[in-house]
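Notes follow the structure.
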Amino acid sequence: MSFVADIVLPAGPSRTAGARLTAALREAIDSGRLPAGTRLPSTRALAADLGLSRGVVVGAYEQLVAEGRLLARPGSGTVVASVPEPAALPRPAAVPGPLGPAPLRPGVPDLGLFPRAAWRRAYDQAVRTVPDHLLDYGDPCGVADLRRELAAYLGRVRGARVTADQIVVTTGAAQAMTLLATVLSGQGVTRIGLEDPGSRAVGEQFATNGLAVVPVPVDAEGIDVDALARTGVSAVFVTPAHQFPLGMVLSPRRRAALVAWARRTGGLVVEDGVAAAVRVGPGPG
């Protein structure tokens, strides 16, 4: 049976082609009709077979990679990921807190799945091969080679026109939000929109650094851009690839509306992305 014959796009006029394709691939993987190791067609080939635009297929693949259902291997294509049975996973002994094991929380993965062995091998290789001069204090924006790789990745995968000089590598989200709030405050920005519900930690970072957080509602399509426009803010923080904490993907219609808002108002769009660091849109002024 051909690959396309295994894909049944669910009906539903209210769902976009991308959402329907993502759901169909997800169901085929979860049901076992596309077993682990199955190599998927190229995005161009599948788009032609299904009569869809290539961008729709690229978006579906990227979403399923983010969910851990697919693996994108440079030079080898995209394959169905192998997910081991939870009972077969060797896990370190749990360390209970004062009230017992820590509860599940949005944004916190199963820490027992951390790839310790692979991480250790990569760390050991880096320590053995790193040039001596890189052990000294370097560029505060990040290692130049890393920023060049990130620029190439963003251009290839995200279609972003960015150079290494426009990338700043931080130690984590907290530092990134602190730097962002400092820059915005220096430009006279006093308020920033944040999805509601959204990340409490991000909101606290902005508030601690002098920005008033303005809640903007979300629905099944993601952030409500009309509601955003009514707030009058000149900057907004969004999680379009996988909304936190609800999990929906920002619809193509809303993405276009958000870009239009930024162009019309000169506003700043801060994206907390799945596969990349924070990416910002046109700045205020």
Side-chain angles (χ1 to χ4, degrees), residues 12-20 22 55-56 59 62-63 66 105-107 154 158-162 166 168 173-285:
S14 63
R15 304 179 70 180
T16 66
R20 293 168 60 209
T22 302
V56 166
E62 288 182 348
Q63 176 60 31
R105 291 175 292 157
L154 291 170
R158 305 297 294 275
R161 296 180 180 178
V162 61
Q166 296 171 304
V168 176
Q175 185 189 18
M177 297 307 110
T178 298
L179 288 172
L180 177 64
T182 301
V183 171
L184 290 178
S185 297
Q187 294 181 347
V189 176
T190 59
R191 304 160 69 235
I192 186 169
L194 181 66
E195 294 167 326
D196 181 24
S199 171
R200 179 181 300 178
V202 169
E204 290 174 351
Q205 285 290 334
F206 287 144
T208 300
N209 290 280
L211 294 180
V213 176
V214 179
V216 182
V218 299
D219 57 25
E221 291 188 77
I223 191 168
D224 185 334
V225 181
D226 291 336
L228 168 65
R230 290 193 293 270
T231 66
V233 298
S234 57
V236 63
F237 180 92
V238 296
T239 53
H242 195 270
Q243 202 278 335
F244 181 89
L246 300 181
M248 78 282 286
V249 177
L250 187 63
S251 71
R253 181 173 70 90
R254 290 282 176 82
R255 289 172 187 260
L258 186 59
V259 171
W261 169 84
R263 289 173 174 168
R264 182 175 67 254
T265 65
L268 178 74
V269 178
V270 184
E271 175 188 338
D272 185 355
V274 171
V278 172
R279 187 180 72 187
V280 296

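Remember, predicted model here, so these are calculated numbers, not experimental data.
- Residue Gly203 comes nearest to Leu194 through the heavy atom pair CA-CD2, 3.8 Å, listed as atom of the first residue, atom of the second, then distance.
- Separating the CG atom in Leu211 from the CE atom in Met177 is a distance of 11.0 Å, to the nearest 0.5 Å.
- Phe206 has its side chain out of reach of Leu184: every pair of non-hydrogen atoms, C-beta onward, lies at least 4.5 Å apart.
- Using a distance-only test at 3.5 Å, with no hydrogens or angles considered, no donor-acceptor pair links the side chain of Gln63 to the main chain of His242.
- Between Gln166 and Val162, the shortest heavy-atom distance links the atoms OE1-CA, 3.3 Å.
- For the atom pair Leu246 CG and Thr239 OG1, the distance stands at 8.5 Å (nearest 0.5 Å).
- Residues Asn209 and Ser185 fail the side-chain proximity criterion, which asks for heavy atoms closer than 4.5 Å.
- The heavy-atom pair separating Glu221 from Met248 by the smallest distance is C-CG, 4.5 Å.
- Looking at Val249 and Arg255, their side chains come closer than 4.5 Å, going by heavy atoms from C-beta outward.
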Could you go through Arg254 and Leu228, starting from their C-alpha distance and side-chain angles, then the distance that decides it, and tell me whether this counts as side chain to side chain contact (heavy atoms under 4.5 Å, CB included)? CA-CA 11 Å; Arg254 290 282 176 82; Leu228 168 65; over 6 Å; no
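- Residues Val202 and Phe237 are in side-chain contact: their nearest non-hydrogen atoms beyond the backbone lie under 4.5 Å apart.
- Between Trp261 and Val233, the shortest heavy-atom distance links the atoms CZ2-O, 3.5 Å.
- Counting all heavy atoms, side chain and backbone alike, Leu258 lies closest to Val269 at CD2-CG1, 3.9 Å.
- Contact between Val218 and Glu195 at its shortest, heavy atoms only, is CG1-CB, 3.8 Å.
- In this structure the side chain of Ser234 never reaches within 4.5 angstrom of the side chain of Leu268, judged on heavy atoms.
- Between Val238 and Leu250 there is no side-chain heavy-atom pair separated by less than 4.5 Å.
- Taken from CD in Gln205 to CG in Leu180, the straight-line distance is 11.0 Å, to the nearest 0.5 Å.
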